[in-house]
Amino acid sequence: MMKLSALQQSYLNRRPGSFRGAAPLDSSADGANKSPAAVFWLVLHGLCCLISLVLGFRFSRLVFFFIFSTSITTNTNHFMAPFRQLTTTTTAADVASDLPSNPVGDAALNGTRVVVGRHGIRIRPWPHPDPIEVMKAHQIIERVQREQRNQFVVKNPRTVIAVTPTYVRTFQTLHLTGVVHSLMLVPYDVVWIVVEAGGVTNETAAIISKSGVKTIHIGVDEKMPNTWEGRHKLEAKMRLRALRVVREKRLDGIVMFADDSNVHSMELFDEIQSTKWFGAVSIGILAHSGGAEELSSFAAVEKEVEEKEKKQAIPVQGPACNASSKLAGWHTFDPQPYEGNSAIFIDDRATVLPMKLEWAGFVLNSRLLWKDVEDKPHWSRDLDSVVDDDIESPLSLLKDPSMVEPLGSCGKQVLLWWLRVEARADSKFPAGWIIDPPLEITVPSKRTPWPDAPLEFPSDNNEKTANNMEEAHPVVKHTKTRSSRSKHRSKRKHEPKTVVDTKQQSEQN
Amino acid sequence: MEIRNCVFALILCHAAFVSCAVGLGRNPPTERISGSAGDVLEDDPVGRLKVFVYELPSKYNKKILQKDQRCLNHMFAAEIYMHRFLLSSPVRTLNPAEADWFYTPVYTTCDLTPNGLPLPFKSPRMMRSAIQLISSNWPYWNRTEGADHFFVVPHDFGACFHYQEEKAIERGILTMLRRATLVQTFGQRNHVCLKEGSITVPPYAPPQKMQSHLIPEKTPRAIFVYFRGLFYDVGNDPEGGYYARGARAAVWENFKDNPLFDISTEHPTTYYEDMQRAVFCLCPLGWAPWSPRLVEAVVFGCIPVIIADDIVLPFADAIPWEEIGVFVDEKDVPNLDTILTSIPPETILRKQRLLANPSMKQAMLFPQPAQPGDAFHQVLNGLARKLPHDKSIYLAPGQKVLNWTAGPVGDLKPW
């Protein structure tokens, strides 16, 4: 105890933080006690001072700590003076606080297991993630997210009746596959009415059968004309034909117009579920995609500036609301900037313009089309009274266009994108996209990278179809002349062309 | 059709009133905290108590605020907003003879450093001076020596008026406040600075700022555990072990490489948005056990994981925190991942439903102007629950219980 108190006193005197020489302190504190014990403690003391000086903290404190405490937190009433000392006043409590055997402030901490002062930082032996727990956590997250989704699920979902006018052409598979995939992802029941110009064909039937949804495939005898205007008109007729089918079969649900080349978001299908009778959504018009990159270079510079401005604001068609979220008007497509520059024929390399209000932006309750429905609103026209030729948008089905419900936060959300991209009129594609019989003969292109290779001419290739596609082609069956170049094959960008294709083109549709 | 459905649902609601009822329509399903605890949140204090607000010279409140406007936005701003609320509240009475409670508006936590941290060194003198004023100008203090008075002391350790725990414990609660009711943010069981009968309130968090950072509820919660803040307070406790009793440092050391724990010391601008995408939010102690993270977690629907031994949470008599949050002992921090992943998913969903209850969120906030069910009203409810006052608090004239000259010498200097 005496040794302890000696050390205690010396700590007391050293409180203010200065390292004075130990000898005078000791002699002043203990009188003339020069026993070997005192010398020993003196030496130990000096050693501790030096080590503290080197390490930068009072490690002797730690020594005491470890000697006198068995575990870190089982000492109640264990005070330790704080390191940060903003004031230099020391009180009796601070002084005695070094030693656990001298509890202070007992009354303050009776019965609590919370100890004030320095604690150890507990680290478990292997502080790394445990894979089983990670799995459990992911299951918890999955459950939480499922619950979140269920809160927003639509009650009483109605069948989605999608109406798609189509016809056989090169890009039909491309476009229809997009629609197939979109409809496969729809979480509600879907009835897909596909109306085909030129009669029902097996090509189309093959594509739509892959969708797995209930399909109604109708043919219209008229062939699809070559002009955009004609195409729009025929498509309107085809859609009306589909609406008549809905009426005859008394299909129940929400009719939406899924044009084959449009891009639909999944939120669209959720949003249209809230249609009461007739709704409208905003469409983004991607008018540039048809031919923007084909602008000739000499006019490119001025055009580019204009393009930039145009590109910044994608035209959007749809309902316009006033401040009280009621339908106030329509955002329609303004063809003015594209004057004289628009595509006439389907395979023109110019911008394809939509109509003022596209069909795709409207959805309607199928009961609007039925005969003999009592609670049909009076502002809708009967389908039979509609004259085919002049119907530009489904608004003609209404007597009062102001009764349209704006969907997608009042038209602020763009839920689908309108796009028209078609291949050249004379482009040919393999039937069913199956190359049969497999390609065997190749024709070197006019600009072959290997000018010294002997040219080969096709023996018979009239029935071969031209590959206008870009994909790394089935050159596996190449003839011997090319086999020596096999390692360069993947770098070849030039397509084998048949003699049928007279125009020079290395670009692809 | 829809009206019929609604009526039917209402009937169902009534039938399920006592037990949990789930919200209809597109609102997230919430649960009423069943039993007396939950209903208490919606009590209306108007008519149940009367509060008299002393008119103190502006040097105790307005002038202090004028000197530093930052006091309105920091986490101790509750004292200022409480004063403003009481001035225009229907519970206020101008006749002190009929008042049940007396309020003294003195802003003791508004002396800020350049960094924005409040210095409590003048607070005891300020408080003492204010009490001397009210005891000499009105008879009500001497009548009970403050037993029917309440004070708002939102600083770190409440009325102990110090930020350092040892010093605070040493000082103890200011002698003159020993009989009064204290409304404070600090709460820890068996601690000197938490007096019997105190009302624990949440720290102030700016309601408008939180509202403006709400994200759509559809956003899936993909973060498992979220925390942003210090693990080591390098300025004051470089080696660690003092700050947060080593708990925050333990969280860091054990989980810094765990992908489930999104923890760091950064200050992202998307802090509020991230909390809304997390399932659990850590609310560990710092220098004091309470933290504004609790308020943020409740408002954003993130389950609070409270790591602070013996903490007393706000309005603990009205809010069943055990059912809403997860309590982890400081010694169990190394096993935090095991603890959190072993909570059954049903319990987690239930906690989220309880958190989604708008009255829970409202009770944690101090909106301006005050709204029903908010923290101001919960304080008044707490005060109302303590009524009627026991006859024994009334002292005989001239009788003194408190020792006015106790405490450190520095406190006795006039302010």
Side-chain angles (χ1 to χ4, degrees), chain A residues 56-57 62 72-73 79-87 89 91 93-94 97 104-105 107-130 132-156, chain B residues 25-29 164-167 169-170 172 188-192 217-225 235-242 244-247 249-250 252-261 279 289 309-310 330-331 333-335 337-338 340-343 345-346 348-349 352:
Chain A
F57 68 95
L62 269 183
I72 293 170
T73 55
F79 264 83
M80 268 202 172
F83 268 65
R84 51 189 179 117
Q85 292 182 349
L86 297 175
T87 64
T89 57
T91 64
D94 280 339
S97 63
V104 171
L109 297 174
N110 43 356
T112 182
R113 58 202 173 108
V114 178
V115 184
V116 181
R118 173 176 288 286
H119 292 247
I121 301 169
R122 289 179 189 77
I123 306 178
R124 63 186 189 201
W126 198 70
H128 297 293
D130 174 16
I132 298 183
E133 272 160 21
V134 173
M135 273 311 301
K136 276 201 253 179
H138 281 290
Q139 280 159 10
I140 291 177
I141 294 177
E142 171 58 27
R143 183 75 186 82
V144 166
Q145 288 184 3
R146 200 170 1 130
E147 191 65 31
Q148 276 183 281
R149 274 194 295 268
N150 286 344
Q151 287 164 18
F152 294 95
V153 80
V154 176
K155 320 267 183 290
N156 310 318
Chain B
R26 283 203 165 227
N27 295 327
Q164 235 177 290
E165 192 164 3
E166 291 93 351
K167 294 249 166 60
I169 292 177
E170 217 180 284
Q188 189 175 310
R189 283 189 280 275
N190 299 321
H191 198 279
V192 188
E217 277 167 23
K218 273 183 93 154
T219 318
R221 288 189 187 262
I223 302 175
F224 192 60
V225 176
N236 295 318
D237 175 32
E239 298 133 31
Y242 255 110
R245 294 196 275 268
W252 175 252
E253 298 299 339
N254 282 298
F255 302 112
K256 58 187 177 206
D257 62 349
N258 194 326
L260 298 173
F261 283 68
V279 178
D309 287 346
D310 283 346
E330 287 164 31
K331 66 176 180 6
V333 164
N335 303 325
D337 53 351
T338 317
L340 292 179
T341 52
S342 58
I343 304 177
E346 285 313 314
I348 293 179
L349 292 175
Q352 288 188 324

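Just so it is clear, the model here is predicted, and its values are computed rather than measured. Order of the sequence lines fixes the chain letters, A, B, ..., with proteins taken first and strands second; residue numbering starts at 1 for each chain.
- Taking every heavy atom of both residues into account, B:Pro345 and A:Arg143 meet most closely at CB-CG, 3.8 Å.
- Here the closest heavy-atom approach between residue A:Ile121 and residue B:Gly246 is recorded as CG2-O, 4.1 Å.
- For the pair B:Lys331 and A:Arg122, the minimum side-chain heavy-atom distance is below 4.5 Å.
- Only the side chain of B:Phe255 comes within contact range of chain A, with heavy atoms under 4.5 Å apart.
- The side-chain hydrogen bond (donor to acceptor under 3.5 Å, both in side chains) check on A:Glu133 picks up B:Thr338, with sequence neighbours excluded.
- Contacts of A:Ile123 with chain B are made by both backbone and side-chain atoms, with heavy-atom separations under 4.5 Å.
- In this structure, the side chain of A:Arg118 does not engage the main chain of B:Arg245 through any donor-acceptor pair within 3.5 Å.
- Counting heavy-atom pairs closer than 4.5 Å to chain A, the top residue among B:Ser342, B:Ala244, B:Ala250 is B:Ala250.
- Minimum heavy-atom separation, B:Leu349 to A:Val144: CD2-CA, 4.2 Å.
- Taking CG of B:Asn335 as the reference point, atom CG of A:Asp130 lies at 11.0 Å (rounded to 0.5 Å).
- Taking every heavy atom of both residues into account, B:Ala222 and A:Gln145 meet most closely at CA-NE2, 3.6 Å.
- Interatomic distance, OG1 of B:Thr219 versus CD of A:Gln148, reported as 7.5 Å (0.5 Å rounding).
- For the pair B:Ile348 and A:Ile140, the tightest heavy-atom approach, listed with the atom from each and the gap, is CD1-CG2, 3.4 Å.
- In terms of heavy atoms, B:Asp257 sits closest to A:Pro127 at OD1-O, 3.5 Å.
- Counting heavy atoms from C-beta on, the side chains of B:Asn254 and A:Arg124 come closer than 4.5 Å.
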